[in-house]
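A note on names: the letters A, B, ... follow the listed sequences, proteins ahead of strands, and every chain is numbered from 1. All values below come from the heavy atoms of this structure, side chains included, with hydrogens, waters and symmetry mates left out.
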Amino acid sequence: MARILAVSGNEAVAEALRQVNPDVCAAYPITPQTELMQRFASFVSDGIVDTELILVESEHSAMSTCIGASAGGGRVVTATSSQGLALMWEMLYIASGLRLPIVMPVVNRSLSAPINIHCDHSDAMGARDSGWIQLWSENAQEAYDNTLQAFRIAEHMDIRLPVIVCMDGFIIGHSIQRIEYLEDEEVKKFVGEFKPLNPLLDIDNPKSYGPLILPDLYHEYKRAQHEVMTKVKDIVLDVAEEFEKIGGRRYGLFEAYRLDDAETALVILNSAAGTSKDVIDEFRERGIMAGLLKPRLFRPFPYEEVANALKHLKAICVLDRADSFGGYGPLFMEVSSALYQVRERPRMINKIYGLGGRDYLPQHAEQVLSELVEIAKTDKVEIIKEYIGVRE
Amino acid sequence: MTIIITRIFVVGTMADTVEIRWHGRGGQGTVTAAKVLADACLSGGRYVQAFPEYGPERAGAPLRAYNRISSKPIRMHCPVLKPQVINVVDPTLLDAVNIQEGATEDATFIINTSKDPKEIKEKLKLAPGQRVFTVDATKIAIDCIGRALPNAPMLGAMCRATGLVSLEHLLEDIRKSFGKKFSQKIIDGNLEATRRGYEEVKEG
């Protein structure tokens with residue numbers, strides 16, 4: 001029996017961590033993640049979990065602590081946002097390079113300068129190439145469900161890779177929403193007992209982590225990392241299928257919303273996808289065949305599946321809540337790469353929206369969908385990349 | 001004297017989703033009120049949202065908070081732009097911010113003031129379909145809690161004015177939410193304040 005409550009996204013993810021009861025958690029506060037770790041820290045102080053909570057002096061140390069504890073043989077978590085994730089940068093590559101199954105919720109927030117505490121996706125996009133798996137979540141329920149599934153994915157013996165679970169700062173992290181929690185026993189059974197692989201604390205069988213590898217083998221090591229990433233999609237789908245049996249909610253590599261018979265579509269991550277779906281329904285009622293694709297697994301990016309889901313469309317817009325200055329938005333680059341491999345493909349545009357917490361409103365989705373209708377009609381794209389919701 | 005409201009207006013019978021905006025000042029418990037309402041409205045399998053507009057968080061500064069209550073899953077994740085219910089927790093905001101912004105033609109306003117609803121209705125120059133309820137929430141709060149924290153009586157008043165949730169449910173929820181943090185005396189004060197807000201609200 002599910003427990004139904006009204007809680008914030010941060011609280012929901014903290015509850016997932018409580019139910020998983022990890023061995024070690026490194027914590028350093030940063031808005032808008034702070035509430036998540038504060039709630040988890042209360043579980044530790046109250047003796048509700050057995051986790052060893054290690055309070056560190058920076059996010060660089062938080063990730064270093066996770067790496068040490070994970071290599072030691074524990075189930076390990078931390079959480080961060082924005083500058084915190086940026087400060088972890090060099091350690092992120094070490095966590096994935098050492099194939100450590102660390103789970104890290106990231107409550108998405110913009111990057112300085114100028115300093116801003118509100119939501120955009122610049123932080124997680126900066127970790128795009130770090131070798132971590134990334135799951136993205138539209139709302140508190142998805143963030144909770146993804147966090148539980150992240151442990152199964154990360155710890156799968158065929159991959160052993162760290163996982164980031166994203167949700168939008170404030171918009172989801174701090175807003176109260178209805179959520180269905182699984183029972184503790186169900187979660188315990190689903191996540192299973194942690195199985196260490198080559199733990200450093202197994203002192204009878206000593207091993208080394210992170211030795212110097214020169215040009216004779218570094219290239220092969222990295223190819224192995226590339227290859228292990230190719231196995232992730234199937235594992236994500238298997239775990240989702242198992243999750244559906246207990247949670248009743250179905251997850252895939254992405255959500256395809258009214259796409260099958262659509263002519264135009266939006267591709268958009270996280271909470272803004274929800275707002276967009278309501279607008280798509282309105283367009284459908286007016287007879288406009290619009291749809292939406294919301295990526296869930298962003299790393300590894302499911303190129304073929306995304307291309308297959310979008311190739312029949314006439315025009316699509318990829319909306320990015322992050323910019324790659326001097327380039328297109330990061331999600332646009334992925335979707336373009338996916339679609340380049342098919343001969344018949346839709347016209348594509350890229351909109352940058354919502355940076356630093358600028359509201360993404362229904363009118364923005366309407367504006368973009370109307371432009372797509374025009375592009376579908378004329379087969380002409382005027383401007384490929386453009387900012388929307390800008391104060392003029 | 002108890003004012004009998006002959007007609008309890010049930011918001012949202014036409015639409016699937018009821019959208020609510022709260023106007024308060026930092027430190028008045030407005031955000032807490034929105035959260036308590038969301039929690040109380042979970043009953044009957046409804047979906048809920050409660051979230052403030054995050055800005056510089058200073059005591060006394062005007063703030064907005066929002067609720068969505070729906071029979072269907074809520075996918076909209078942006079501020080409420082066209083509220084059907086507007087709660088004004090601080091009477092001085094009537095002259096400080098545009099509380100009518102985006103209000104629907106049949107919007108319900110619930111205002112913390114000692115003034116008569118008719119007077120407020122004239123002051124705001126409301127459309128014919130819009131309705132005003134007033135309650136002296138600050139006075140009730142001072143009577144019951146000993147502090148000018150008008151959120152509990154405002155919740156009681158809006159519960160009566162909108163019929164979104166029963167008084168019993170609301171009281172139960174306040175007992176639950178406040179029970180974790182406060183002493184029995186404060187909980188009882190808030191329950192009494194909520195009940196009085198419910199009883200003393202007046203329709204214009």
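- Taking the six-membered ring for Trp and thresholds of 30 and 60 degrees, B/Y54 and A/F170 have ring planes inclined between 30 and 60 degrees apart.
- With a 4.5 angstrom heavy-atom cutoff, A/E138 touches chain B via backbone and side-chain atoms both.
- The number of heavy atoms from other shown groups lying within 6.0 Å of NZ (B/K115) does not exceed 12.
- Proximity to chain A among residues 140-155 of chain B is not found for any residue, judged by heavy-atom separations below 4.5 angstrom.
- Screening residues 168-178 of chain B for salt bridge (charged side-chain N to carboxylate O under 4.0 Å, His left out) gives B/D39-B/K176, B/E172-B/R175, B/D173-B/K176 as the qualifying pairs, with residues at least two apart or on separate chains.
- Looking only at heavy-atom pairs under 4.5 Å with chain B, the residue among A/A272, A/G357, A/G274 that has the most is A/G274.
- Between A/P362 and B/L81 the shortest heavy-atom distance is CD-CD1, 4.3 Å.
- B/M76 and A/D278 get closest at one heavy-atom pair: CE-OD2, 3.6 Å.
- Surrounding CD of A/E244 are more than 12 heavy atoms belonging to other residues, nucleotides or ligands, all under 6.0 Å away.
- B/R68 does not touch chain A: none of its heavy atoms, backbone or side chain, sits under 4.5 Å away.
- Atoms NE2 and OG, from B/H77 and A/S276 in turn, are 10.5 Å apart once rounded to the nearest 0.5 Å.
- Top candidate by heavy-atom pairs under 4.5 Å with chain B, chosen from A/Q177, A/Q141, A/K277, is A/K277.
- If you measure heavy-atom distances from A/I117 to chain B, you find no contacts under 4.5 Å at all.
- Electrostatic pairing of A/D281 and B/R75 counts as a salt bridge here, judged by a charged N lying under 4.0 Å from a carboxylate O.
- Of all heavy-atom pairs between A/I176 and B/K35, the closest is CG1-CG, 3.7 Å.
- Nearest heavy-atom pair across A/Y360 and B/C78 is O-CB, 3.4 Å.
- The closest donor-acceptor contact from the side chain of A/S175 to the backbone of B/A50 lies at 3.5 Å or more, if one exists at all.
- Distance check: A/I179 CD1 to B/Y47 OH gives 12.0 Å after rounding to the nearest 0.5 Å.
- Other residues, nucleotides and ligands place more than 12 heavy atoms under 6.0 Å from the CG atom of A/D261.
- A heavy-atom distance below 4.5 Å is found between the side chains of B/P79 and A/L361.
- Among A/T275, A/D168, A/I171, A/V7, the residue with the largest count of heavy-atom pairs under 4.5 Å with chain B is A/T275.
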